[in-house]
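Heavy-atom basis, side chains included; hydrogens, waters and symmetry copies ignored.
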Amino acid sequence: MNLIKRTLGGALILSILIAITYFGKFSLAIGFTIFSLIAIKELTDAFSKVNFKFNKILLYICDILIMASSFCEQSDFFSISLSLSFAIIASILIFDEHRNLEDILAHIFILIYVAGLMGTIVKTKDVKFLWMLYITAWGSDTFAYLTGSLIGKRKIESVRHISPNKTLAGSIGGVVAAVVLNLIYNHFAVLDLNTSLIVIFSAFGAILSQIGDLVASYIKRKTGIKDFGNIIPGHGGIMDRFDSMIFIAPLFYLFSVL
């Protein structure tokens with residue numbers, strides 16, 4: 001039953017992601033703005049369990065500002081909206097005597113983590129790089145799990161406190177899979193991209209993807225939660241499913257503008 005639930009949940013979110021990407025930048029912007037608002041709620045709920053205090057309305061407003069600016073053709077708007085959001089958050093929260101420095105920094109961290117990273121997905125103009133982003137994140141995650149389950153014996157000691165089951169074989173398998181899958185995609189989609197760049201960005205992206213997963217796992221362990229939410233059947237919340245993808249989004253945005 002759990003496997004069926006997880007499969008259906010995965011198929012649902014994948015279908016939504018494919019649809020909003022296929023129908024163009026406007027649907028992509030709307031879709032990821034909704035994802036970002038849900039993700040902010042999930043993260044603030046998690047951090048609240050360890051006594052952080054949030055002004056959620058303020059975060060939602062700044063998130064919408066940043067996501068809207070990522071839709072604009074003028075690239076400067078995105079960096080300006082980020083800077084403006086930080087200034088707004090600091091200006092408002094320093095006058096609240098019930099806030100401390102950690103609360104203010106947590107607001108800024110969540111805004112960068114969610115809106116700053118998701119915004120670069122919307123900013124990516126060429127859809128072929130978005131498909132490569134999805135392939136790298138989810139391909140790496142899937143094959144890391146399969147490889148680790150089948151032949152993974154040596155645990156990675158440095159991350160045992162975060163992810164005790166993570167293996168060296170699984171990590172390497174995820175990187176290799178991302179490279180191979182993107183090379184196959186480049187060949188059959190006739191993208192005519194530089195092979196060396198595909199290998200470099202796919203490999204580096206797969207490594208960052210795994211780090212993104214570890215960052216999310218670290219937050220969950222420190223806040224004492226199993227999942228960020230339950231909106232996706234069998235998978236948890238938006239952050240549970242998008243943690244690795246958004247972490248490597250700026251990398252593939254960089255690839256798209258080279």
Side-chain angles (χ1 to χ4, degrees), residues 10 13-14 17 21 31-32 35-44 46-47 63 66-67 70 82 106 108-124 129-148 152 156 158-168 170-179 181-182 200-223 225-229 231-232 235-256:
I13 195 65
L14 181 60
L17 186 62
T21 305
F32 271 96
F35 290 156
S36 67
L37 291 169
I38 296 171
I40 284 176
K41 182 184 184 305
E42 291 174 350
L43 283 169
T44 52
F47 276 67
D63 173 72
I66 294 169
M67 295 303 292
S70 69
L82 279 168
I108 294 174
F109 168 76
I110 288 176
L111 204 60
I112 295 174
Y113 191 24
V114 177
L117 297 182
M118 283 194 182
T120 59
I121 295 177
V122 179
K123 281 182 63 62
T124 304
F129 293 99
L130 292 177
W131 298 127
M132 292 182 69
L133 167 65
Y134 304 156
I135 289 170
T136 302
W138 287 353
S140 171
D141 180 61
T142 301
F143 281 90
Y145 173 77
L146 293 174
T147 307
I156 303 179
S158 59
V159 300
R160 184 181 286 273
H161 64 294
I162 305 173
S163 182
N165 295 321
K166 196 165 189 64
T167 65
L168 181 61
S171 182
I172 294 172
V175 174
V176 172
V179 172
L181 289 172
N182 274 325
I200 292 170
F201 276 88
S202 297
F204 190 36
I207 294 170
L208 282 178
S209 172
Q210 294 177 36
I211 294 174
D213 180 64
L214 289 173
V215 169
S217 296
Y218 178 82
I219 292 172
K220 286 189 284 188
R221 282 188 174 273
K222 290 298 181 180
T223 56
I225 61 174
K226 183 178 183 293
D227 295 315
F228 283 108
I231 194 171
I232 307 172
H235 291 267
I238 290 297
M239 285 303 300
D240 293 294
R241 203 68 192 94
F242 286 79
D243 53 2
S244 56
M245 182 191 299
I246 64 173
F247 213 77
I248 62 174
L251 180 70
F252 279 87
Y253 172 71
L254 174 62
F255 193 7
S256 73

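Contact between M67 and V122 at its shortest, heavy atoms only, is CE-CG2, 3.9 Å. Taking all atoms of both residues into account, the shortest heavy-atom contact from S140 to Q210 is OG-NE2, 3.7 Å. The two residues D63 and I40 come nearest to each other via the heavy atoms CB-CD1, 3.4 Å. For the pair V175 and A206, the tightest heavy-atom approach, listed with the atom from each and the gap, is CA-CB, 3.6 Å. The two residues S202 and T136 come nearest to each other via the heavy atoms O-CG2, 3.9 Å. The two residues Y134 and I121 have their closest heavy-atom pair at OH-CG2, 4.4 Å.
Expressed to the nearest 0.5 Å, how far NZ of K41 lies from CE of M239 amounts to 14.5 Å. A distance of 8.5 Å separates CG of L214 from NE2 of H161, quoted to the nearest 0.5 Å. In this structure, CZ on F129 lies 10.5 Å from CG on N182, to the nearest 0.5 angstrom. With values rounded to the nearest 0.5 angstrom, M245 atom CE is found 12.5 Å from L117 atom CG. One distance of note links NZ of K166 with OG of S171; it measures 5.5 Å at 0.5 Å rounding. Taken to the nearest 0.5 Å, the OG atom of S163 stands 6.5 Å off from the CG atom of D213.
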Go through the steps for D243 and F228 under the test side chain to side chain contact (heavy atoms under 4.5 Å, CB included), then give the verdict. CA-CA 10 Å; D243 53 2; F228 283 108; 5.7 Å; no
Intermediate values then yes/no, side chain to side chain contact (heavy atoms under 4.5 Å, CB included), I211 and F247: CA-CA 8 Å; I211 294 174; F247 213 77; 3.9 Å; yes
Which is it for I219 and F47 under the side chain to side chain contact (heavy atoms under 4.5 Å, CB included) test, yes or no, and what are the steps along the way? CA-CA 8 Å; I219 292 172; F47 276 67; 3.7 Å; yes
Stepwise side chain to side chain contact (heavy atoms under 4.5 Å, CB included) test for L17 and F32: CA-CA 9 Å; L17 186 62; F32 271 96; 3.7 Å; yes
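Ring orientation note: the planes of F255 and F201 are close to parallel, at an angle under 30° on the 30°/60° scale. Under the 30°/60° scheme for interplanar angles, the aromatic rings of F242 and F35 are found to be tilted.
No more than 12 heavy atoms of other residues, nucleotides or ligands lie within 6.0 Å of CZ in F204, so this atom counts as exposed by the packing criterion. Counting non-hydrogen atoms of other residues, nucleotides and ligands closer than 6.0 Å to CZ of F143 gives a total of 12 or fewer. Residue-environment remark: CZ (F109) exceeds the threshold of 12 foreign heavy atoms within 6.0 Å.
A donor-acceptor contact closer than 3.5 angstrom is absent between the side chains of D141 and S209.
Side-chain contact between L82 and I66 is present, with heavy atoms from C-beta onward closer than 4.5 Å. When side chains are defined from C-beta on, T44 counts as touching I110, because their heavy atoms get closer than 4.5 Å.
Side chain of D240 to backbone of G237: a donor-acceptor contact under 3.5 angstrom is found.
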